[in-house]
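Take a look at the structure below.
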Amino acid sequence: MDQRISFITLAVADLDATRRFYRDGLGWTPEIDVPGEVLMFRAGEHLVLSLWDRASCEAEVGTLMSGPGIAPLTISHNMPSPEGVDEVLATAKAAGAPHVQPGMQRDWGGYSGYFSDPDGFRWEVAHNPSPVGDIVLP
């Protein structure tokens with residue numbers, strides 16, 4: 001198996017709210033938009049972020065876990081500077097992100113903050129000055 005990820009799929013409760021947040025608020029352009037079912041965005045050279053209606057997802061993959069708290073994952077968007085991090089966080093806040101944690105220096109040597117989308121999925125926006133930072137930037 002090749003060491004790569006092609007798709008990240010998130011099950012969402014309200015696809016219309018998700019569309020407004022990503023398309024209208026963050027300014028992303030969908031590759032595929034099937035109302036009531038799925039919304040797909042090109043998120044990298046060979047990567048698609050798929051936002052799938054929760055009921056449709058459950059019908060195919062089975063019952064999804066749910067409950068209080070934050071999903072045990074983050075999606076990261078890396079920037080070449082701390083100022084870029086702050087700009088993305090401001091855009092997310094203006095788009096209506098229900099949770100925005102401002103950027104700050106981190107113990108690991110970088111600068112990052114977080115926002116959540118309408119379903120509570122946490123996005124990390126980071127500037128990583130280490131060599132791994134060069135790997136993830138286009």
Side-chain angles (χ1 to χ4, degrees):
M1 179 176 163
D2 293 341
Q3 183 175 309
R4 64 182 158 83
I5 296 173
S6 306
F7 255 78
I8 295 173
T9 300
L10 304 176
V12 301
D14 184 341
L15 193 58
D16 291 332
T18 298
R19 179 182 296 102
R20 285 189 300 274
F21 181 77
Y22 284 92
R23 186 192 65 196
D24 303 336
L26 297 182
W28 287 26
T29 302
E31 291 287 321
I32 297 173
D33 186 350
V34 180
E37 187 177 331
V38 70
L39 188 60
M40 294 183 190
F41 296 96
R42 184 182 306 265
E45 187 176 354
H46 299 288
L47 177 63
V48 170
L49 175 62
S50 175
L51 302 163
W52 197 6
D53 173 72
R54 185 177 177 98
S56 298
C57 180
E58 282 190 316
E60 185 167 318
V61 303
T63 302
L64 301 174
M65 292 181 7
S66 62
I70 298 169
L73 68 100
T74 59
I75 304 164
S76 295
H77 180 81
N78 284 258
M79 297 298 294
S81 71
E83 295 79 19
V85 170
D86 291 337
E87 289 172 16
V88 171
L89 293 170
T91 299
K93 186 174 186 173
H99 169 86
V100 178
Q101 179 190 45
M104 60 188 290
Q105 276 307 127
R106 300 294 178 176
D107 290 341
W108 49 267
Y111 181 86
S112 70
Y114 291 86
F115 70 86
S116 62
D117 74 2
D119 282 273
F121 291 108
R122 289 297 200 267
W123 281 77
E124 176 190 35
V125 185
H127 165 66
N128 188 336
S130 77
V132 76
D134 294 333
I135 293 171
V136 298
L137 288 175

message: Go through it in stages, so that I can follow the logic: the residues are T74 and Y114, the test is side-chain contact (heavy atoms from CB on, under 4.5 Å), and I'd like the CA-CA distance, side-chain angles, deciding distance and then a yes or no.
response: CA-CA 9 Å; T74 59; Y114 291 86; 4.1 Å; yes
Rounded distance [0.5 Å steps], CZ in R122 versus CD1 in I70: 4.0 Å
message: Can you tell me how far apart CG (L89) and CD (Q101) are? Round to the nearest 0.5 Å.
response: 9.0 Å
message: Quick check: is L39 connected to I32 through a chain of hydrophobic side chains (ILVMFWY, heavy atoms under 4.5 Å apart)?
response: no
Polar side chain donor-acceptor pair, R4 to S6, under 3.5 angstrom: yes
query: Counting only heavy atoms not in L64, do more than 12 fall under 6.0 Å of its CG?
result: yes
Nearest non-hydrogen partners of A17 and P118, listed with the distance: O-CG, 3.9 Å
message: According to side-chain hydrogen bond (donor to acceptor under 3.5 Å, both in side chains), who are the partners of S50, at least two apart in sequence or on a separate chain?
response: none
- line: From the list L51, L26, T29, side-chain contact (heavy atoms from CB on, under 4.5 Å) partner of F41 resolves to L51
field: Y111 and D86 side chains, donor-acceptor separation under 3.5 Å
entry: yes
- request: Could you give me the CA-CA distance, side-chain angles and deciding distance for D33 and R23, then say whether side-chain contact (heavy atoms from CB on, under 4.5 Å) is met?
  value: CA-CA 10 Å; D33 186 350; R23 186 192 65 196; 4.1 Å; yes
field: Contact check, side chains of M40 and V38, non-hydrogen atoms, under 4.5 Å
entry: yes
- prompt: Is there a path of hydrophobic side-chain contacts, each under 4.5 Å between heavy atoms of I, L, V, M, F, W or Y residues, that connects F7 with L47?
  reply: no
query: Okay, side chain of D119, backbone of A13: is any donor-acceptor separation there less than 3.5 Å?
result: yes
query: If you group Ile, Leu, Val, Met, Phe, Trp and Tyr by side-chain heavy-atom gaps below 4.5 Å, do V12 and I75 land in one group?
result: yes
message: Assess, by modelled atom type and distance only, whether the side chains of R106 and S112 contain a donor and an acceptor separated by less than 3.5 Å.
response: yes
query: Is the shortest heavy-atom distance from the side chain of N78 to the side chain of N128 under 4.5 Å?
result: yes
task: Before giving the answer on side-chain contact (heavy atoms from CB on, under 4.5 Å), spell out for E58 and E60 the whole-Å C-alpha distance, their side-chain angles and the decisive distance to 0.1 Å.
output: CA-CA 5 Å; E58 282 190 316; E60 185 167 318; over 6 Å; no
- prompt: Which pair of non-hydrogen atoms, one from G110 and one from P129, has the smallest distance, and what is that distance?
  reply: CA-CD, 3.6 Å
Between CG on residue L49 and OG1 on residue T9, distance to nearest 0.5 Å: 8.0 Å
message: Working note: V48 + E31, criterion side-chain contact (heavy atoms from CB on, under 4.5 Å); need CA distance, chi angles, decisive distance, verdict.
response: CA-CA 9 Å; V48 170; E31 291 287 321; 6.0 Å; no
message: Are Y22 and V125 connected into the same hydrophobic cluster when the rule is that any two of I, L, V, M, F, W, Y join if their side-chain heavy atoms are below 4.5 Å apart?
response: yes
- request: Take D24 and R19 through the salt bridge (charged side-chain N to carboxylate O under 4.0 Å, His left out) test and state the conclusion after the steps.
  value: CA-CA 7 Å; D24 303 336; R19 179 182 296 102; over 6 Å; no
- request: Provide the closest heavy-atom pair for A126 versus W108 in the form atom of the first, atom of the second, distance.
  value: CB-CH2, 4.3 Å
statement: Taking every heavy atom of A97 against every heavy atom of S116, the minimum-distance pair comes out as CB-O, 3.3 Å
task: Determine whether I8 and L73 fall in the same hydrophobic cluster, where Ile, Leu, Val, Met, Phe, Trp and Tyr are linked whenever their side-chain heavy atoms lie under 4.5 Å apart.
output: yes
statement: Looking only at heavy atoms, the pair that brings E37 and S56 closest together is CG-OG, 4.4 Å
task: Mind checking ring-ring contact (aromatic ring centres under 6.0 Å, His included) for F115 and listing every partner two or more places apart, or none if nothing turns up?
output: W123
